[in-house]
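Structure record follows, encoded as structure tokens.
Proteins get letters first, then strands, A, B, ... in listed order; numbering begins at 1 in each.
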Amino acid sequence: MKLLTSNFLKCSVKACDNSNENFPLRYDANCQLQQDESIDCNPEFLINILERVDWNALVQVASDLGNKSLPPQKPELSPGDDLTDDDLAIIRDMHSLLIQTSIVEGQMSCRNCGHVYYIKNGIPNLLLPPHLA
Amino acid sequence: MLPTPYIKCDYETVYEPCEDSFLLLDGLEQEQSFLQTRFRNQLAIVCELGPGSGIVTTFLMQNDIPHGNGSIYLALDISPWALEATQDAQRRNDCQNRYLSVIQSDLTKCLRQNSTDLLVFNPPYVPAEQVPDRPSSNENDKSQWLDLALLGGEDGMVITRQVLDQLDTILSQQGVAYILFCARNKPEQVAESMRQQGWKVDLIINRKAGWEVLSIYRFIRQ
């Protein structure tokens, strides 16, 4: 799963919906990552993503996975239609992190109930065992 | 007419594209400009529940619905075979450069609330005594996975009902849902009860398919 997908996944346990700890999930530091350089950067797409992304959740997940370099505040692009070199640098960084980086194998858990979910072959499994479903 | 994706997978485990799938493609094609206008210049989170072979999500990716510069496609299925087929459909139809994540999930339980902009659902709508249990393993009883894609319990509505009951927490403020029904689901009654709960519900397309009548309704907030 691409890293950006972590911005949309919460714990499947219904009771955890009443907690603020069910999103984002906590990613295991041993998750195996893959970088796919063949995906081209589409700046307009990235600008749209940046606007929508839950930055705090992203910072947390990146940090879980060992990337502590994200700024605490969401980077802002310069106003106006023209992209500056700084803007392009931000967009390229985001592209590399959110789109080119995938979690191939590993696990993640709910910060509220602790339930562990697995990622295998790049596919996250958020199904619950029958007694929790 | 927009192109239809090329699909090839094991139809003993994954639902083979049929009249209902094609009706969904036609309905979404018809809705193309509505969706484009609604999500212009913003990111659209597209979520298909139960993609099966992947034909619908691939069709959306292939034709840039809702729009080209900003759709993230999430395909959620309980069946691992369907997820595999959906990824395969993406590859076969040269949509590798689109953002697709397949996720094994029971409906939308794992999705952050109010994040879905476009929800598409061809549910297990066939009336049956009950909704089958999830098979305990991937390999055994392959046909059981297929049953899950078809059988919808009483009135064929047990699973669809779960989604409708959660629609308010699934969809974003701007969100739109397209859900397919057969006549035995009593869709007009369902639509009316959703209208009473504050939804704007419109029949966008219907068609006689063999001995059943299929229809697709669009749900948005009033």
What heavy-atom pair brings [X] and [Y] nearest, and what distance separates the two atoms?
| X | Y | value |
| --- | --- | --- |
| A:Arg52 | B:Ser115 | NH2-O, 3.0 Å |
| B:Tyr99 | A:Leu98 | CE1-O, 4.1 Å |
| B:Gln104 | A:Leu127 | NE2-CD1, 3.4 Å |
| A:Lys10 | B:Gln113 | CE-CG, 4.0 Å |
| B:Leu100 | A:Lys2 | O-NZ, 4.0 Å |
| A:Asn48 | B:His67 | ND2-CE1, 4.5 Å |

What part of [X] gets within 4.5 angstrom of chain A, counting heavy atoms only: side chain, backbone, both, or neither?
| X | value |
| --- | --- |
| B:Ile78 | both |
| B:Asn97 | neither |
| B:Ser71 | backbone |
| B:Gln87 | side chain |

Structural part of A:Leu50 lying under 4.5 Å from a heavy atom of chain B: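 Neither part, no heavy atoms under 4.5 Å.
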Proximal component of A:Ile39, with respect to chain B [non-hydrogen, under 4.5 Å]: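 Contact with chain B involves no heavy atom of A:Ile39 at all.
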Within a reach of under 6.0 Å around [atom1] of [X], are more than 12 heavy atoms found that belong to other residues, nucleotides or ligands?
| X | atom1 | result |
| --- | --- | --- |
| B:Gln96 | CD | yes |
| B:Glu154 | CD | no |
| A:Glu37 | CD | yes |
| A:Glu51 | CD | no |
| A:Gln73 | CD | no |

Between CD1 on residue B:Ile103 and CG on residue A:Leu9, distance to nearest 0.5 Å: 4.5 Å
Approximate separation, where rounding is to 0.5 Å, of B:Arg98 CZ and A:Asn42 CG: 10.0 Å
Interface residue of largest heavy-atom contact number with chain B, from A:Asp17, A:Asn22, A:Val13, A:Leu4, under 4.5 Å: A:Leu4
Residue among B:Asp133, B:Leu74, B:Ile72, B:Asp106 with most heavy-atom pairs under 4.5 Å to chain A: B:Ile72
Pairs of heavy atoms under 4.5 Å with chain A: top-ranked of B:Asp117, B:Thr108, B:Asn41: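 Counting heavy-atom pairs under 4.5 Å, the top option is B:Asp117.
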Partner of B:Leu83 under side-chain contact (heavy atoms from CB on, under 4.5 Å), chosen from A:Ile123, A:Asn125, A:Asn121: A:Ile123
Sub-4.5 Å side-chain heavy-atom contact between B:Thr116 and A:Phe8: no
